[in-house]
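Each remark here refers to the structure printed beneath this line.
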Number of protein chains: 2
Amino acid sequence: MAQASVKDVARLAGVSVATVSRVLNDNATVSESNRARVLAAVERLGYRRNAVARSLRTDATGTIGLVIGDILNPFFTELARAVEDEARIAGYAVVIGNADERPDRQDDYVRTLLERRVDGLLLCPTAELTPLVRDTVESGTPVVFLDRTLHGLDVPTVRADGADAIDELVGHLLGLGRERLAFVSGPAILSTGRERTDAFACALARRGLPVRPEYLEEGDFQAASGRAALARLLDLPEPPDAVVAGDNLMALGALDEIHARGLSIPGDVALASYDDVPWFLHLDPPLTAIAQPVQELGRRAVRALAERVAGREVETVTLRARLVVRGSCGEPREAPRSGKPAGPRSGRHDEGSVPA
Amino acid sequence: MAQASVKDVARLAGVSVATVSRVLNDNATVSESNRARVLAAVERLGYRRNAVARSLRTDATGTIGLVIGDILNPFFTELARAVEDEARIAGYAVVIGNADERPDRQDDYVRTLLERRVDGLLLCPTAELTPLVRDTVESGTPVVFLDRTLHGLDVPTVRADGADAIDELVGHLLGLGRERLAFVSGPAILSTGRERTDAFACALARRGLPVRPEYLEEGDFQAASGRAALARLLDLPEPPDAVVAGDNLMALGALDEIHARGLSIPGDVALASYDDVPWFLHLDPPLTAIAQPVQELGRRAVRALAERVAGREVETVTLRARLVVRGSCGEPREAPRSGKPAGPRSGRHDEGSVPA
DNA sequence: GCCGGTGATGTAATCGTTTACATCGCTCGT
DNA sequence: ACGAGCGATGTAAACGATTACATCACCGGC
């Protein structure tokens, strides 16, 4: 079932391939009658333009590569969706790669994406700056970093800054009477890991409070590490009365450990998370979280990349994350949607209820 | 910053382009000395093979297209990840498209994927069979359906059958004393929607129980519809005492409505979901769910597609979903490991292939 | 009536590979 | 010593599009 080519169309329409190409790209004047015949021939043959050949000639594939850190992390998933959406609007197809937080995998993807001549690359760089990434950006390939950045490299980056939100969160916790705040951070080698930790420490320092080192746990942005961190924190002689997780997966792990110990949120310990994911709202109590403007992040990244592809310079974009207060730190201030007032409530903390 | 081409490499190595190509594809005999020089030249120039030109010549892109139903649905996300993983192993890159459950969007993607000459297509077809999809499969393009199927078209499909699991779930609920079981189904036009509903009705019928039409709500696999369905169910003069949601998003909506009314799970109403997602485990109580072998689904789909690309015929693959009992229907049985062989519960997601 | 201009079209080169085929030395068997 | 056979290499033709350039017909102004 050989696909028809321009040649076949040309023959059937009784014109030259040049004319066919012209009507296909309508970038030159073609007589109305010929245009009609070509279109008819295209229709008849079910002709579909071969983007591969076209790309070879035009040196543009209409494709961008997206390499994300961990496809199982809802944050990246949502990001991928946003990128996908905006790319579609901009006329790009997206080839996606999951680095799984491993530099070698990241490089594998970067390599095949370059071989495939993507027009540009959206990269959530892994911890280390690999030689390949350095070469790539230095060779002039359009690259934009997303979510994370890498120092020492002049690459436009689209990211969200959560320092203010973290500060606000710390204020919120202290305002609710919490006194022993702990933070479960991501890996310090990742920009997103370090920044959040710093912001937390800063927020405490700014208020003249000490940063107790035993309240600073380092995880790896995965659920298991969050759980382990919580276990250590709760085993402390003087456990924290509030915990902030550095990302949504570690919050999940934290939640686990807290449940496993039969502790209540926020009664025994307050919990909040960096990253907001849809189902945080459906937890009991709903989780207070710092929401990144994920959609906007994706959009801006694609737009920035498109600019780079067009040869224009772009600035780094820094958006702001914002605090979303729910019930998991105590004293929720959002009034619930009205429904039937609560029926019988069991005395235990684990019954489904929206805070009154 | 023009990329080096085979020609440049050939010149630098003092050989012909044919020789360069031969060492690059090591499919013919090349003298050791020449091979070394070519490799050296490749290194020196930082030569990267142009996959576009290569594809044009070889008529293979090493790329597959994946069009999923809704990228925000964790089920599809996980599926995409599995596909991505397996594709990587098989040496394929994945171009992903999010149909957002809209036939026109699906077709948009199919079209550009075909233009880009993907070697094959993995498709979670939307409700309707569009002419484009029909033409595509009839024209001989390798296509494999994933998760869902479309009647009247001879396309191999990789999917999971949940009928047994649903039957088991119904048994479980009845065993716990629930008497009024409701089901929130997906759209009947989707194979996955209809099948689950049928299985539910069947499970009741098989036990001689009536299927009360007011306990059969139809949603659209989105959270909002789940919530609305629950609202209607709970407003019934005689509301159900157990609800099964047809997918994870509708379960989310259901959860919402139940919480909003201050009802307790499983005290006031039992809740279970088709689809298992990681955080169900972290709800309080953890949600009983039917887990699809998502990883395996993705793997098998890619393998099937690879076979089709290689020109071989493949059979439809039907895996089995399995029930995961947690606490949301009452009487949580922790530690399901040993003891009662009540149901032959395979330990892993990855098991239970059933030929069509 | 001639000539330059203009608009429509065709011819052919080109993008960077792969690969069929031709070529060229060698070696080996007789 | 000679041709067959073989291994290594090169030449050039594809693949299917786009596009610079040439061509051609025709028109109107002088």
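The figures here come from the full heavy-atom set of this structure, side chains too, leaving out hydrogens, waters and symmetry mates.
To the nearest 0.5 Å, the span separating CG on B:Leu72 from CD on B:Glu101 amounts to 11.0 Å.
One N or O donor and one acceptor, one from the side chain of A:Arg57 and one from the base of D:dT18, sit under 3.5 Å apart.
In this model, the phosphate group of C:dA8 is not approached by any side-chain N or O of A:Asn34 to a distance below 4.0 Å at OP1 or OP2. In terms of phosphate contacts, A:Ser31 brings a side-chain nitrogen or oxygen within less than 4.0 Å of OP1 or OP2 of C:dT9. OP1 or OP2 of D:dA8 lies within a sub-4.0 Å distance of a side-chain N or O belonging to B:Thr29. Applying the 4.0 Å criterion to OP1 and OP2 of C:dG10, one finds that A:Thr19 has a side-chain N or O inside that range. Side-chain N/O atoms of A:Ser5 include one lying less than 4.0 angstrom from OP1 or OP2 on D:dA17.
Nearer to the 5' terminus of DNA chain D, by closest-nucleotide assignment, is the contact made by B:Arg35 (compared with the other of B:Thr58 and B:Arg35).
Within 4.0 Å of A:Arg49, counting heavy atoms only, lie sugar-phosphate atoms of the nucleic acid but no base atom. Residue-level contact check: A:Val17 touches the bases, meaning some heavy atom is under 4.0 Å from a base atom. Backbone-only engagement by A:Asn25 is indicated by non-hydrogen atom pairs under 4.0 Å involving sugar-phosphate atoms exclusively. Nucleic acid contact for B:Val52: none, since no nucleic acid atom lies under 4.0 Å from a heavy atom of the residue.
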Inset, instruction - Please report the C-alpha distance between A:Leu146 and A:Leu123 in whole Å, then the side-chain angles of each, then the deciding distance to 0.1 Å, and finally whether the side-chain contact (heavy atoms from CB on, under 4.5 Å) criterion is met. - result: CA-CA 6 Å; A:Leu146 185 47; A:Leu123 183 60; over 6 Å; no
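Here C:dT14 presents its P atom at 18 Å from CG of B:Asn50, a figure rounded to the nearest Å.
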